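Below: one structure, written as structure tokens.
Bear in mind the structure is a predicted one, so any value in this text is a computation, not a measurement. Proteins get letters first, then strands, A, B, ... in listed order; numbering begins at 1 in each.
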There are 2 protein chains.
Amino acid sequence: MTPEPADSIRSAGLRVTSQRLAVLEALDGLPHADTDTIHRRVREAQPDISLQSVYVVLGALTEAGLIRRIEPAGSPALYERRIGDNHHHAICTGCGAVQDIDCAVGHAPCLTPAQPTGPAAPGTFAIMTAEVTYWGLCPACHQNSQNQQNSQNHKKENA
Amino acid sequence: MTPEPADSIRSAGLRVTSQRLAVLEALDGLPHADTDTIHRRVREAQPDISLQSVYVVLGALTEAGLIRRIEPAGSPALYERRIGDNHHHAICTGCGAVQDIDCAVGHAPCLTPAQPTGPAAPGTFAIMTAEVTYWGLCPACHQNSQNQQNSQNHKKENA
DNA sequence: CACTTATTGTGAGTAATTCATAATAAGGAT
DNA sequence: ATCCTTATTATGAATTACTCACAATAAGTG
């Protein structure tokens, strides 16, 4: 059985608080949410929790490894509960939707980079992790863009 | 021979201005600089240019594809002149140093992700690009961390 | 050289996040 | 069960990175 949130918080050496439990619970229904969204969701259970407290809680949980933070370009930080498997993300350039993508290469993906190149190639990094972000269109946005394409073609045909 | 900056600006359909030339020139000596750093460098040649103008220039050059913007987690946006080859980056978690890394897999790296997974796996994205960020320690920071490790061991040995 | 319009300058405004410090509550000790 | 210590949360201000509105300027065309 999956460990109780309270237990995982405690075994991370942190105190169990209603705020932390509420944030973890909120995250269950919000696979990749930003702080503001999480705050709104948490407020349904705890109307008085402040946004700043949500920041603090998210920071503590992230540092403890109980949740994971991703920071896609052009987006505020997003948090997810799925941890420990170093999966990656596909992000829709149309609507910002995020989808989990399993690591294609195995346990430590793409962890064998080519040699450094470019003007400042001072030596070899000690690589710890590799993070892959796929940019593209989600099914819905892809559909929309194709429809637009088609209607433009029709306009040209009928001009 | 490499094309003159002025020409590449012009052939991107943009007007050639001293500000744009100065930013491109500054970027030559700053492989992965943030807006503020670029601004300081540009001011050596053009003392009156405002930070906001540098933002605007960087935005225009990025949109025109003459420079590339990267946005590593926890860092302001960085800009580089090396474009058109979809290379990747190694970033030092110690000091923030950035190093270019050639794509290991060929033209479009890691562009064949595994199937989507997780609670919200609504369908397949139309992936356009993949961005790989390697996190680790640069040679200098790696050295430092090992020295610290060693001196701690010595302390234990001599305790 | 004049004229149109892209570009830049200036200042204010915003979003996301952090910080300082006072108030509160968790969990161990009594 | 209650007290006490200290982690955690609340509150409000501050900061960072960036964007926007609009007036001033200067590229490039005729």
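- For the atom pair CD1 (Ile127(A)) and CH2 (Trp135(B)), the distance works out to 11.0 Å, reported to the nearest 0.5 Å.
- In this structure, Leu58(A) places its CG atom 14 Å from C1' of dT8(D), rounding to the nearest Å.
- Within a 6.0 Å radius of CD in Gln46(A), more than 12 heavy atoms belonging to other residues, nucleotides or ligands are found.
- In this model, the phosphate group of dT9(D) is approached by a side-chain N or O of Thr17(A) to a distance below 4.0 Å at OP1 or OP2.
- Taking CD of Gln146(A) as the reference point, atom CG of Leu137(A) lies at 9.0 Å (rounded to 0.5 Å).
- In the hydrophobic cluster analysis, where Ile, Leu, Val, Met, Phe, Trp and Tyr join through side-chain heavy atoms closer than 4.5 angstrom, Val23(B) is grouped apart from Val56(B).
- The CZ atom of Arg20(A) lies 11.0 Å from the CD1 atom of Ile67(A); values are rounded to the nearest 0.5 Å.
- A 4.0 Å heavy-atom criterion places the boundary nucleotides of DNA chain C facing chain A at dA16(C) to dG27(C), written 5' to 3'.
- Residue Ala77(B) comes nearest to Arg69(B) through the heavy atom pair CB-CG, 4.0 Å, listed as atom of the first residue, atom of the second, then distance.
- In this structure Gln52(B) satisfies the side chain to side chain contact (heavy atoms under 4.5 Å, CB included) test together with Ser50(B), sequence neighbours excluded.
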Nucleotides 10-15 of chain D: protein proximity per nucleotide (B base, S sugar-phosphate only, - neither; heavy atom, under 4.0 Å): BBBB--

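- The distance from the CD1 atom of Ile91(A) to the OH atom of Tyr134(A) is 12.0 Å, given to the nearest 0.5 Å.
- Within 6.0 Å of the CD atom in Glu71(A), the count of heavy atoms belonging to other residues, nucleotides or ligands exceeds 12.
- A heavy-atom distance below 4.0 Å to DNA chain D is reached by these residues of residues 69-77 of chain B, ordered by number: Pro76(B), Ala77(B).
- Formation of a donor-acceptor pair under 3.5 Å by the His39(A) side chain with backbone atoms of Asp34(A) is not found in this model.
- Interatomic distance, CD1 of Ile70(A) versus CD of Glu131(A), reported as 8.0 Å (0.5 Å rounding).
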Show the distances under 3.5 angstrom between N or O atoms of the protein and N or O atoms of nucleotides 5-7 of chain D.
from   : atom 1 : to       : atom 2 : distance (Å)
dT6(D) : O2     : Arg15(A) : NH1    : 3.3
dA7(D) : O4'    : Arg15(A) : NH1    : 3.4
dA7(D) : O4'    : Arg15(A) : NH2    : 3.3

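- Between the side chains of Asp100(A) and His87(A), at least one donor N or O lies within less than 3.5 Å of an accepting N or O.
- Every residue two or more places apart in sequence or in another chain that forms a salt bridge (Lys or Arg N to Asp or Glu O under 4.0 Å) with Arg40(A) is listed here: Asp36(A).
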